[in-house]
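Beneath this line is the structure, given in structure tokens, with notes to follow.
FYI, side chains are in, hydrogens and waters are out, and symmetry mates aren't considered; it's all heavy atoms of this structure. What you see is a predicted model; the values in this text were computed from it and never measured.
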Amino acid sequence: MKRPTAIMLLALLCLAPFGPARAERIVVAVAANFTDTAQQIAAAFEQASGHRADLVPGSTGKHFAQIVNGAPFDVLLAADRARPETLERQGRVRPGSRFTYALGRLALWRPHAERVAPGDLVETSTFRHLALANPRLAPYGLAARQTLESLGQWDRLQDRLVFGENVGQAFRFVDSGAAELGFVALAQLRRINTNPGAWWLVPETHHAPIEQQAVLLSDAPPAAAFLAFLREERARGMIRAAGYGVPDVH
């Protein structure tokens, strides 16, 4: 039996109902931009399996460093594919477990505005600070840098850039007024209940694809079950509703 198939079978067995004494907890390192959606998925997973997924939000770069240094995570839901691939090459993930669970979209956001366009980045008289996630730590920050470079604005705007540790912090900078506009995840804007202002959905040709990948880091059966659940249509529907793309299931 192929190893990926064995992992999936084990995961499905773990989704069978258990009594309270058999319920287990797993620890899931989750990218900051995906935290709210992961909370919904974790709640549905607990309802279906009895197992609880405790989420640890943060930047993918920080999670990567923690895993390399022995952090006891069972699952990583990254915001990119580069770090899961590196962990796989280093032998730190369970073979055959890596897959893309969501496709992220980047947006330039300005609250309390009627429109936002790339030309707003040229009209610097209208803003003092532009927020983005740290490109060295956060994939959405790297995509923001690549977008500014493709628009010829990266060097020109250096004295106006405000860096968050992750895209969640970049969002808070803009939401609090500390920055007049910023690069955030489209999924973050979809969660705003009141008037979100305006945003420009960055064309995917302006940056490398934001392929958010998952990997299994431990042999805990509920962790494999969680990843299997993430690939089911119930979870995929939650991901789509949150503003992400989802790849075809093979």
Would you mind reporting whether [Y] and [X] have side-chain heavy atoms less than 4.5 Å apart?
| X | Y | answer |
| --- | --- | --- |
| Ile41 | Ile239 | yes |
| Arg231 | Phe99 | yes |
| Pro95 | Glu88 | no |
| Arg191 | Asp36 | yes |
| Val28 | Asp74 | no |

Rounded to the nearest 0.5 Å, what's the gap from [atom1] on [X] to [atom2] on [Y]? Could you check?
| X | Y | atom1 | atom2 | answer |
| --- | --- | --- | --- | --- |
| Leu181 | Thr126 | CG | OG1 | 7.0 Å |
| Leu77 | Leu55 | CG | CG | 8.0 Å |
| Arg81 | Ile210 | CZ | CD1 | 13.5 Å |
| Arg105 | Arg190 | CZ | CZ | 10.0 Å |

Nearest heavy-atom neighbours spanning [X] and [Y]:
| X | Y | result |
| --- | --- | --- |
| Thr35 | Pro57 | OG1-CB, 3.4 Å |
| Leu151 | Leu121 | CD1-CD1, 3.8 Å |
| Glu24 | Pro222 | OE1-CG, 3.7 Å |
| Leu108 | Ala117 | CD2-O, 4.2 Å |
| Pro139 | Thr60 | CD-CB, 4.1 Å |
| Asp248 | Arg236 | CA-NH2, 4.4 Å |

Treating [X] as the side-chain partner and [Y] as the backbone partner, does any N or O pair qualify as donor plus acceptor under 3.5 Å?
| X | Y | value |
| --- | --- | --- |
| Asn69 | Gln66 | no |
| Arg98 | Ala214 | no |
| His207 | Gln146 | no |
| Gln153 | Glu149 | no |
| Arg145 | Tyr140 | no |
| Thr100 | Ala102 | no |

*Please say whether more than 12 non-hydrogen atoms of neighbouring residues, nucleotides or ligands are located less than 6.0 Å from CD in Gln158.*
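Atom CD in Gln158 is crowded, with more than 12 foreign heavy atoms closer than 6.0 Å.
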
Decide whether [X] and [Y] are clustered together by the hydrophobic rule: side chain heavy atoms of Ile, Leu, Val, Met, Phe, Trp, Tyr closer than 4.5 Å, transitively.
| X | Y | result |
| --- | --- | --- |
| Val122 | Leu157 | no |
| Leu142 | Trp154 | no |
| Leu103 | Tyr101 | no |

*What residue pairs, at least two apart or across chains, pass ring-ring contact (aromatic ring centres under 6.0 Å, His included) with a residue in residues 172-203?*
Trp200-His206

*Could you list who else is in Val68's hydrophobic cluster, with ILVMFWY side chains joined at under 4.5 Å, directly or through other members?*
Val27, Val56, Phe64, Ile67, Phe73, Leu76, Leu87, Val93, Val215, Leu217

*Step by step, work out the salt bridge (charged side-chain N to carboxylate O under 4.0 Å, His left out) result for Arg110 and Glu180.*
CA-CA 6 Å; Arg110 187 163 204 158; Glu180 290 82 3; over 6 Å; no

Tabulate below the donor-acceptor pairs under 3.5 Å that side-chain atoms of residues 159-171 make, not counting sequence neighbours, or state none.
from: Arg160; atom 1: NH1; to: Thr124; atom 2: O; distance (Å): 3.0
from: Arg160; atom 1: NH1; to: Phe127; atom 2: O; distance (Å): 2.4
from: Glu165; atom 1: OE1; to: Lys62; atom 2: NZ; distance (Å): 3.1
from: Glu165; atom 1: OE2; to: Lys62; atom 2: NZ; distance (Å): 3.3
from: Asn166; atom 1: OD1; to: Gly168; atom 2: N; distance (Å): 3.0
from: Asn166; atom 1: OD1; to: Gln169; atom 2: N; distance (Å): 2.9
from: Gln169; atom 1: OE1; to: Glu165; atom 2: N; distance (Å): 2.7

_Step-by-step side chain to side chain contact (heavy atoms under 4.5 Å, CB included) determination, Asp80 to Glu211_ = CA-CA 5 Å; Asp80 69 356; Glu211 294 183 68; over 6 Å; no

*Judged by modelled atom types alone, do Arg89 and Thr86 share a side-chain donor-acceptor pair under 3.5 Å?*
yes

*Partners meeting side-chain hydrogen bond (donor to acceptor under 3.5 Å, both in side chains) with Arg240 (sequence neighbours left out)*: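 With sequence neighbours excluded, Arg240 shows a side-chain hydrogen bond (donor to acceptor under 3.5 Å, both in side chains) to Glu233, given in chain and number order.
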
*Quick one: list whatever passes side-chain hydrogen bond (donor to acceptor under 3.5 Å, both in side chains) with Arg172, sequence neighbours left out.*
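So Arg172 forms no side-chain hydrogen bond (donor to acceptor under 3.5 Å, both in side chains) with any residue.
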
*For Phe34 and Tyr244, what are the C-alpha separation, side-chain angles and deciding distance, and is it a ring-ring contact (aromatic ring centres under 6.0 Å, His included)?*
CA-CA 10 Å; Phe34 197 71; Tyr244 298 94; 5.4 Å; yes

*Is any NZ, NE, NH1 or NH2 atom of the basic residue among Arg52 and Glu46 found under 4.0 Å from an Asp or Glu carboxylate oxygen of the other?*
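Looking at Glu46 together with Arg52, the answer is no, because their closest N to O distance does not fall below 4.0 Å.
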
Using distance only, find each side-chain donor-acceptor pair of residues 128-138 under 3.5 Å and give its atom names and separation, not counting sequence neighbours.
from: Asn134; atom 1: OD1; to: Arg136; atom 2: N; distance (Å): 2.9

